[in-house]
Amino acid sequence: MRDPLSVVTDAFTSFLFGKVETTRLPVRTSTGQAQAVYLPTAAPGLGDSGVIIGREVYSGKGYIYDPFQLYGQQLPAPHWLVLGESGNGKSALEKTYVLRQLRFRDRQVVVLDAQGEDGVGEWNLIAQELGITPIRLDPMAALDHGIRLNPLDPSITTTGQLALLRTIIEVAMGHGLDERSGFALKVAHAYVNETIVERQPVLSDIVEQLRHPEPESAEAMNVAIDDVRAWGLDVALVLDRLVDGDLRGMFDGPTTVGIDLDAPLIVFDLSHIDRNSIAMPILMAIVGVWLEHTWIRPDRKKRIFLVEEAWHIINSPFVAQLFQRLLKFGRRLGLSFVAVVHHLSDVVDGAAAKEAAAILKMASTRTIYAQKADEARATGRVLGLPRWAVEIIPTLTPGIAVWDVNGNVQVVKHLVTETERPLVFTDRAMTESSADLSDDALRAAELEAEERAAAFVEQHVGDPRSTVA
């Protein structure tokens, strides 16, 4: 009930000025029409300096990302993890990202290319376009004066050489070296470095010294010479595989002269190596340590180290430990490590769960393409993704991904220019992207994906991640 004074006041006001309020009937409408009365909302961007990736699906704004520009402000580390099943656009993203980064004069990129067809890696076409010859590591080619990388290259420190030798052996054996085997390796390595000065020491020198240790090695520890020989036998057998086994020719000689470490793009073609063999993590360990000591320099350049099939690194505790050091060391010298992995479950449930967690923690940027629902939930738990992002991952179509940049989570559509398309969508990429669709079918799929994302947003209007654009 209104009080009498208010009633009299309203009546007098209406008599002098007319009725001041109107009664409006309710209107029935759809959410599609009613959305026009709301201000547009979108997640905050990452700034306007760097490399353009595409556009943010919900707002249509351009999406720009550059770890070197964001480092120290929005990113605690410049390293990047790319996840997703085959056929969703990982390959296209990696290639266009590298091509666009190389437009900057102070950028340099190394790619470990572990995939390929027709005898070449999938980065071969881009390398040719840039006038670069890939460094093809192939046991058969190495026997005929092919590329060699020497684990005992003098450019690698003595400590680095020993750490690399231990890693090679531990990866091949599947377990760590015991103290006796480690001692035999250490004294053999020390003797070779001290006595061979007129040329580069090579692995065959280490193998020979393990088979025939010097008496001084035994005397130093007050043990019999036969004991030292027995301790080093397993080590010698493993290293012999690199000298006279199925991996011979690639690492058993001086480093090939003429590898251009100043080129803007350096591609290590590992496509001739069986991806599922023990050779792949050994190769990655050797290449990683060799690059650490020969490529990364304090010259103010910004370097990108992109690794295909990176689960060979993250899933091996011994190789992962080497790369952890590389990542920590590289941050001070402008290195961004990009790891491409199909399934996170390939690494978090493996033998190197602890090491994998450490490397994943260093990756402040995570890009997740479409995954099955159960895999998406597992990925969300490991990476700490918000619930809405986990729910949308199984619905993503090729070219669209969830980007998590240190907690800034957005859905981004990757855009490829007509100039890039012939280089990115190669025959090999047909299994990695939607390039096998016609242009009309591709545009129809893109439109459908955008409509699906827009519909999803309507269900999350109150999402705390959104701000007024």
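As the structure is a computational prediction, the values presented were derived from the model and not from experiment.
The CG atom of Leu326 sits 14.0 Å away from atom CD of Gln321, with the distance rounded to the nearest 0.5 Å.
By the 4.5 Å heavy-atom criterion applied to side chains, Arg148 and Asp252 are counted as neighbours. Side-chain contact between Asp260 and Thr133 is absent, with no heavy atoms from C-beta onward closer than 4.5 Å.
Of all heavy-atom pairs spanning Gly50 and Asp66, the tightest one is CA-CB, 3.6 Å. Taking each heavy atom of Ala114 and Met280 in turn, the nearest pair found is CB-CE, 4.1 Å. Closest non-hydrogen pair, Leu344 versus Glu375, comes out as N-OE2, 3.4 Å. Nearest heavy atoms, Thr96 versus Leu93: OG1-O, 3.2 Å. The heavy-atom pair separating Ala263 from Ile266 by the smallest distance is O-CG1, 4.1 Å.
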So Ile156 and Trp290, side chain to side chain contact (heavy atoms under 4.5 Å, CB included) or not? Walk me through it. CA-CA 7 Å; Ile156 303 176; Trp290 187 77; 4.0 Å; yes

Ile126 and Val111: CA distance, side-chain angles, deciding distance, side chain to side chain contact (heavy atoms under 4.5 Å, CB included) verdict: CA-CA 11 Å; Ile126 289 178; Val111 175; over 6 Å; no

Mind running side chain to side chain contact (heavy atoms under 4.5 Å, CB included) on Val287 and Trp295 for me, showing each step along the way? CA-CA 11 Å; Val287 172; Trp295 177 58; over 6 Å; no

Any chance you could lay out the side chain to side chain contact (heavy atoms under 4.5 Å, CB included) test for Ile392 and Thr395, step after step, and finish with the verdict? CA-CA 5 Å; Ile392 200 176; Thr395 73; 3.4 Å; yes

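Side chain of Lys90 to main chain of Val82: no donor-acceptor pair is present (N/O by atom type, distance under 3.5 Å, no hydrogens or angles). In terms of modelled atom types and a separation under 3.5 Å, the side chain of Gln161 and the main chain of Asp153 share a donor-acceptor contact. Side chain of Glu170 to backbone of Leu177: a donor-acceptor contact under 3.5 angstrom is found.
At a threshold of 4.0 Å, the pair Asp262-Lys301 does not count as salt-bridged, since none of the basic side-chain nitrogens sits closer than that to a carboxylate oxygen. Between Glu420 and Lys95 there is no salt bridge, since none of the side-chain N atoms of the basic residue sits less than 4.0 Å from a carboxylate O of the acidic one.
Between Ser91 and the options Glu122, Glu308, Gln115, a side-chain hydrogen bond (donor to acceptor under 3.5 Å, both in side chains) holds for only Glu122. The side-chain contact (heavy atoms from CB on, under 4.5 Å) test with Trp123 singles out one residue from Leu423, Val267, Asp269, Leu112, and that residue is Val267.
At most 12 heavy atoms of other shown residues, nucleotides or ligands fall within 6.0 angstrom of atom CZ in Arg180. By the neighbour-count criterion of 12 heavy atoms within 6.0 Å, atom NZ of Lys186 is sparsely surrounded, having that number or fewer from other residues, nucleotides or ligands.
For Trp80 and Tyr97, the ring centers are positioned less than 6.0 Å apart.
Using cut-offs of 30° and 60° for the angle between ring planes, the Phe337 and His79 rings count as perpendicular.
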